[in-house]
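Sequence lines set the chain letters: A, B, ... in the order given, protein chains first and strands last, and positions in each chain run from 1.
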Amino acid sequence: MKITFPDGSAREYADGMTALEIAAEISPRLAKATLVCELDGKLADAFRPISGDHTVRFLDWKEEGGRWGYRHTASHILAQAVKRLFPDVTLAIGPAIDTGFYYDFDKPEPFSADDLTKIEEEMERISREDLSLERFELPREEAIRYMQEKGEPYKVELIQDLPEDAIISFYKQGDFVDLCAGPHMQSTGKVKNMKLMSLAGAYWRGSEKNKMLQRIYGTAFEKKADLDEYLFRMEEAKKRDHRKLGRELDLFDIHDEGPGFPFFYPNGMVIRNGLENFWREQHQKRGYKELRTPIILNRDLWIRSGHWDHYKNNMYFTKIDDMDYAVKPMNCPGAILSYKRKIYSYRDLPERLAELGLVHRHELSGALHGLMRVRCFTQDDAHIFMTPEQIRPELLGVIEKFQYFYGTFGFKYYVELSTRPENSMGSDEQWEEATDALRAALDACGLPYKVNEGDGAFYGPKIDFHLEDAIGRTWQCGTIQLDFQMPERFDLTYVGADNEKHRPVMIHTVVFGSIERFIGILTEHCAGAFPAWLAPVQAKVLTITDRANDRAAQVRDMLREAGMRAECDLRNEKVGFKIREAQMQKVPYMLVIGDKEVEQGVLAVRSRREGDLGTMTPEAFVQKLQKEIDEKQN
RNA sequence: GCUGAUGUAGCUCAGUCGGUAGAGCACCUCAUUGGUAAUGAGGAGGUAGGCAGUUCGAAUCUGCUCAUCAGCUCCA
């Protein structure tokens, strides 16, 4: 048979050789590194005989497919271990994921933490037993009967839902058999360095209408050192948790008295105000005008906007003079009423109306998460009202704004295009047109994106920007939504050049997403060491003895005069202690003043990052810090 | 909302078999005036998330409830 390799070269091999055997002929190291392979572009077992002409790629740990095969095999080992220890458990599904793998089980009594330890030991045993994996296929009816006999109802359901022509394959290792498309490693002994991470509930097939199963999360690495490093990184990441840093740095907190309703303390307000100022400045430059609309508006408005029908579960309600009102979950109706206050000409468009609007949403209690998921938050909203011709340039302008914002903070981001959801308003044509416009804008910018089917807003499709937190979870922050529905519902118009009324189109967009979530992400991103332009205290004046107190106060006042956030630490403590505290509070600059500095009229400057910078005059320091602030250095 | 776990001073945590609460940091006082990540001594501070129950007696056992954490679902 003729085997072609990725570089285009080809060679003849004996029919029936496996990818692993071919790899071994090329080099023993290649064979050792090969986890699974790609046969004509499709993932396949490297241990199964090949016949006929094919192209082959060997996948090692560096390839996603390689890791996937390794970890998916680990998930089978997990299932086998559970079956050995708890024979009455039934199996659901167990895929590999980005950070490892999981397996869902149906077990009457929940797993305990001790069970996890036992399971882990059993997994190691299975690895040591080095059981070979075998693959076999069964016709549909036989496959169903096979799983029925094994007492695996979830597997039966999975097979029944497979397309008629699907190949139904199983993998066997020792006495354990699982329905699986593969690919896998050749034996359990090849999978090492497995670690079970956590237990959780998970709905069968991801639907809350179904039974909740028990999910065991684990991870596995080819090299022990990589596993150790991963575990270490997770530990380190926990130290960056914004909920912990928020308390330590006295930025914000959430009390039991108001679950999901965060408090911002003075230090946190500095960051918030800094972000808002930046936001105002940037939007002013881009031709946006600012609005402020009420938090509570009457029932009629929410019925008209569609929120009453499509968003009621997430809204808070109240009565005023015996009439129904709702607390706004979104700012758009306010912006729309503002648009309707007068007659717009096509010459006035696009009209870009921005609002830092406080919204309230009733989120499920289990979904709350620090500042990332709260029940009241400020969206840095903007609504653009425009003619259809302006859609493209406006979308491009908004995307440019996003890139500028995230670039300023040094964030990595992932883009998703979310399409029409089930519970939505409008016609298919409108949705298609809006979705195409968003897609075209993304393509024009060359932004890579993933399509998220059915995840749009009820009034339109959207482009979402996801940012990462300390442990790699991503959170949707920015969004750009194109809306043909609201203008229709509210009968929005503008007068065209033809003196006729026309229907404008709307863009709803937020860059930060919510100020709260953004601060959460930012806190984790910089581990609490905010860039100087946002740091709650930018410079702290530390005295060595109380002989320097007057001078310290003078320096502080001078910095404040220059618009900087400066504090003194005049306490009767040693400098080492004061430095330690300022350092832990992540103050960008510490200005040490002792007898020498008083005498020479200088400051001994210490940077939180670079340590002692030597002495400089107060004027020189102001200049240095001002430059750092102006440039928004990270 | 669902599954599981957790809930002791402002923070981080300890507390053997149910016998009536302990440390470090922070805070206050005093001494000390010291050069780049913790000076020393003393003091004050909690009725154990909340409610109910079992018991002679509960932080320790039971039930309910609230909140938090992990995940699911949902979402900015």
K.L.:
Does A:Arg608 have a side-chain nitrogen or oxygen under 4.0 Å from the phosphate oxygens OP1 or OP2 of B:rU36?
P.N.:
no
K.L.:
Expressed in whole Å, how much space separates the P atoms belonging to B:rG45 and B:rC28?
P.N.:
16 Å
K.L.:
Which residues satisfy the ring-ring contact (aromatic ring centres under 6.0 Å, His included) test with A:Tyr154, sequence neighbours excluded?
P.N.:
A:Trp204
K.L.:
Scan nucleotides 65-70 of chain B against the protein and return all N/O pairs shorter than 3.5 Å with their distances rounded to 0.1 Å.
P.N.:
unit_1, atom_1, unit_2, atom_2, d
B:rA67, O2', A:Asp256, OD1, 2.5
B:rC69, OP1, A:Arg243, NH1, 3.0
B:rA70, OP1, A:Arg243, NH2, 2.8
B:rA70, OP2, A:Arg243, NH1, 3.2
B:rA70, OP2, A:His369, ND1, 3.3

K.L.:
Output, in order, the C-alpha distance, side-chain angles, deciding distance and verdict of ring pair (Phe, Tyr, Trp, His ring centres under 6.0 Å) for A:Phe221 and A:Tyr230.
P.N.:
CA-CA 9 Å; A:Phe221 288 83; A:Tyr230 173 76; 5.3 Å; yes
K.L.:
Would you say the base of B:rG71 and the side-chain of A:Tyr203 have a donor-acceptor pair closer than 3.5 Å?
P.N.:
no
K.L.:
Looking at the base of B:rG49, is there any donor atom on it, or on the side chain of A:Glu257, that sits under 3.5 Å from an acceptor on the other one?
P.N.:
no
K.L.:
5'-most contact on RNA chain B: A:Tyr217 or A:Gln476, nearest heavy atom basis?
P.N.:
A:Tyr217
K.L.:
Specify whether A:Phe86 and A:Phe111 have parallel, tilted or perpendicular ring planes, treating 30° as the upper limit for parallel and 60° as the lower limit for perpendicular.
P.N.:
perpendicular
K.L.:
Quick check on ring pair (Phe, Tyr, Trp, His ring centres under 6.0 Å): which of A:Phe317, A:Trp302, A:Phe458 does A:Trp308 satisfy it with?
P.N.:
A:Phe317
K.L.:
Ring centroids only, cut at 6.0 angstrom: are A:His466 and A:Tyr414 within range, meaning strictly under it?
P.N.:
no
K.L.:
Nearest of B:rG35, B:rA37, B:rC72 to any side-chain atom of A:Ala604?
P.N.:
B:rG35
K.L.:
Can you confirm if the aromatic rings of A:Tyr103 and A:Tyr217 lie within a centre distance of less than 6.0 Å?
P.N.:
no
K.L.:
May I ask you to say what A:Glu573 touches in the nucleic acid, namely base, sugar-phosphate or nothing, with a heavy-atom cut-off under 4.0 Å?
P.N.:
base
K.L.:
Would you say the ring centers of A:Phe409 and A:His525 fall short of 6.0 Å from each other?
P.N.:
no
K.L.:
Between B:rA70 and B:rU36, how far is it from one C1' atom to the other, in whole Å?
P.N.:
41 Å
K.L.:
Describe the nucleic acid contact of A:Lys578 in one word from base, sugar-phosphate, nothing, applying a heavy-atom distance below 4.0 Å.
P.N.:
nothing
K.L.:
OG1/A:Thr615 to CG/A:Leu591 distance, rounded to the nearest 0.5 angstrom?
P.N.:
12.0 Å
K.L.:
Is NZ or CZ of A:Arg286 both nearer than 6.0 Å to the six-membered ring centre of A:Tyr404 and within 45° of the ring axis?
P.N.:
yes
K.L.:
Without decimals, in angstroms, what is the distance between A:Asp114 CG and B:rG4 P?
P.N.:
16 Å
K.L.:
For B:rG22 versus B:rA48, give the span between their P atoms, rounded off to a whole number of Å.
P.N.:
15 Å
K.L.:
In whole angstrom, give me the gap between the P atoms of B:rU39 and B:rU33.
P.N.:
15 Å
K.L.:
Do the two ring centres, one from A:Phe465 and one from A:Phe402, sit under 6.0 Å apart?
P.N.:
yes
K.L.:
How many whole angstroms separate atom CG of A:Asp106 from atom P of B:rC72?
P.N.:
18 Å
K.L.:
Have a look at A:Ala582 and say if it touches a base, only the backbone sugar-phosphate, or nothing, with a 4.0 Å heavy-atom cut-off.
P.N.:
nothing
K.L.:
If we take the P atom in both B:rC74 and B:rC25, what is their distance in whole Å?
P.N.:
48 Å
K.L.:
Within a reach of under 6.0 Å around NZ of A:Lys107, are more than 12 heavy atoms found that belong to other residues, nucleotides or ligands?
P.N.:
yes
K.L.:
Near RNA chain B, which residues from residues 510-525 of chain A have a heavy atom under 4.0 Å away?
P.N.:
A:Gly513, A:Ser514, A:Arg517
K.L.:
To the nearest Å, how far apart are A:Asp595 CG and B:rG34 P?
P.N.:
8 Å
K.L.:
Starting at the 5' end of RNA chain B and moving along, which residue's nearest nucleotide shows up first, A:Leu371 or A:Gln583?
P.N.:
A:Gln583
K.L.:
Which nucleotide in the set B:rG35, B:rA38, B:rU73 lies at the smallest distance from any side-chain heavy atom of A:Arg580?
P.N.:
B:rA38
K.L.:
Please state how far atom CZ in A:Phe105 lies from atom C1' in B:rG4, giving the value in whole angstrom units.
P.N.:
16 Å
K.L.:
Report which part of the nucleic acid A:Asp455 touches: base, sugar-phosphate, or nothing (heavy-atom distance under 4.0 Å, all strands).
P.N.:
sugar-phosphate
K.L.:
Taking the six-membered ring for Trp, are A:Phe377 and A:His360 ring centroids under 6.0 Å apart?
P.N.:
no
K.L.:
Nearest to the side chain of A:Arg547 - B:rG4, B:rU33, B:rU73?
P.N.:
B:rU33
K.L.:
Under the ring pair (Phe, Tyr, Trp, His ring centres under 6.0 Å) rule, what pairs show up with a residue in residues 564-585 of chain A, not counting sequence neighbours?
P.N.:
none
K.L.:
What contact category does A:Met372 fall into here, base, sugar-phosphate, or nothing, at under 4.0 angstrom with non-hydrogen atoms?
P.N.:
base
K.L.:
Between A:Tyr589 and A:Phe621, is the gap from one ring center to the other below 6.0 Å?
P.N.:
yes
K.L.:
Determine whether A:Phe263 and A:His255 satisfy the following criterion, ring pair (Phe, Tyr, Trp, His ring centres under 6.0 Å), listing intermediate values before the conclusion.
P.N.:
CA-CA 8 Å; A:Phe263 283 59; A:His255 298 260; 4.4 Å; yes
K.L.:
Over all strands shown, is A:Arg606 touching base, sugar-phosphate only, or nothing at heavy-atom distances under 4.0 angstrom?
P.N.:
base
K.L.:
Distance check needed: B:rG10 P versus A:Tyr265 OH, whole Å only.
P.N.:
13 Å
K.L.:
May I have the distance from A:Ile579 (atom CD1) to B:rG34 (atom P), rounded to whole angstrom?
P.N.:
16 Å
K.L.:
Please state how far atom CZ in A:Phe111 lies from atom P in B:rG71, giving the value in whole angstrom units.
P.N.:
19 Å
K.L.:
Quantified in whole Å, what is the C1' atom distance between nucleotide B:rG49 and nucleotide B:rU8?
P.N.:
10 Å
K.L.:
For A:Val359, report the nucleic acid contact type (base, sugar-phosphate, nothing); a contact means any heavy atom under 4.0 Å.
P.N.:
nothing
K.L.:
Assign the ring pair A:Phe518 / A:Phe512 to parallel, tilted or perpendicular, where the plane angle (0 to 90°) is split at 30° and 60°.
P.N.:
tilted
K.L.:
So A:Gly478, base contact, sugar-phosphate only, or nothing? Heavy-atom distance under 4.0 Å.
P.N.:
nothing
K.L.:
Please report the distance, rounded to the nearest Å, between CZ in A:Arg373 and C1' in B:rG71.
P.N.:
14 Å
K.L.:
NA contact type, A:Lys244, heavy-atom cut-off 4.0 Å: base, sugar-phosphate, or nothing?
P.N.:
nothing
K.L.:
Listing time: all N or O pairs from protein to nucleotides 25-29 of chain B that are below 3.5 Å?
P.N.:
none

K.L.:
For the side chain of A:Asp380 and the backbone of A:Val511, is there at least one donor-acceptor N/O pair under 3.5 Å apart?
P.N.:
yes
K.L.:
Using the C1' atom on both, measure B:rC11 against B:rU65 and round to a whole Å.
P.N.:
27 Å
K.L.:
Within the 4.0 Å heavy-atom criterion, would you say A:Glu610 contacts the bases, only the backbone, or no part of the nucleic acid?
P.N.:
nothing
K.L.:
In whole Å, measure the gap between the P atoms of B:rG71 and B:rU29 for me.
P.N.:
44 Å
K.L.:
In dot-bracket form, how is RNA chain B paired, counting a Watson-Crick or G-U wobble pair only if both its distances are under 3.5 Å and using | for bases paired to another strand?
P.N.:
(((((((..((((.....[..)))).(((((.......))))).....(((((..]....))))))))))))....
